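Report on one structure; see the data block that follows.
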Amino acid sequence: PATMSPVLIARLDRAATELQMRAPHVPSGAGHDAATFAGADIAAAMIFVRNENGSHNPHEAMEIADLDQAIRLVFRFVTDFDKEQS
């Protein structure tokens, strides 16, 4: 697995905590763009959302509630980051 940015992970964890969401850390060796960024010393982190048509597990499928949580998490992460920069 590629090493993701501890700073970004902490910010995602904080956003998840504020939203009272469960956000387990999952290592991935899938070689996503984030792994390429991490290898180039560009801070990266990933959020996984299960997906019936793109997952490696045929027994999982995304519910709209899953997508909603991911969107809310990213929105909170970005708005918290924006507040920190102000």
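Heavy-atom basis, side chains included; hydrogens, waters and symmetry copies ignored. None of the values given here were measured: they were computed from a predicted structure.
- Residues M4 and A45 share a closest heavy-atom pair of SD-CA, 3.6 Å.
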**Asked** For H25 and D13, what are the C-alpha separation, side-chain angles and deciding distance, and is it a side chain to side chain contact (heavy atoms under 4.5 Å, CB included)?
**Response** CA-CA 9 Å; H25 294 193; D13 284 343; 2.9 Å; yes
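- Evaluation of the side chain to side chain donor-acceptor pair (under 3.5 Å) rule for E18 yields R76 as partners, not counting sequence neighbours.
- Shown here are the side chain to side chain donor-acceptor pair (under 3.5 Å) partners of D66, two or more places apart in sequence or in another chain: R50.
- Among residue pairs with one or both ends in residues 37-48, none qualify as salt bridge (Lys or Arg N to Asp or Glu O under 4.0 Å); sequence neighbours excluded.
- Scanning all heavy atoms of the two residues, the minimum distance from V26 to F48 falls at O-CE1, 4.1 Å.
- Looking at heavy atoms from C-beta onward, L19 lies out of side-chain contact with Q69 at the 4.5 angstrom threshold.
- Taking F37 as the reference, D33, I42, A44 meet the side-chain contact (heavy atoms from CB on, under 4.5 Å) condition, with sequence neighbours excluded.
- Listed by chain and number, the residues in a side-chain contact (heavy atoms from CB on, under 4.5 Å) with A16 are M21, A23, L73 (sequence neighbours excluded).
- Residues passing the side-chain contact (heavy atoms from CB on, under 4.5 Å) test with V74 are I47, V78, sequence neighbours excluded.
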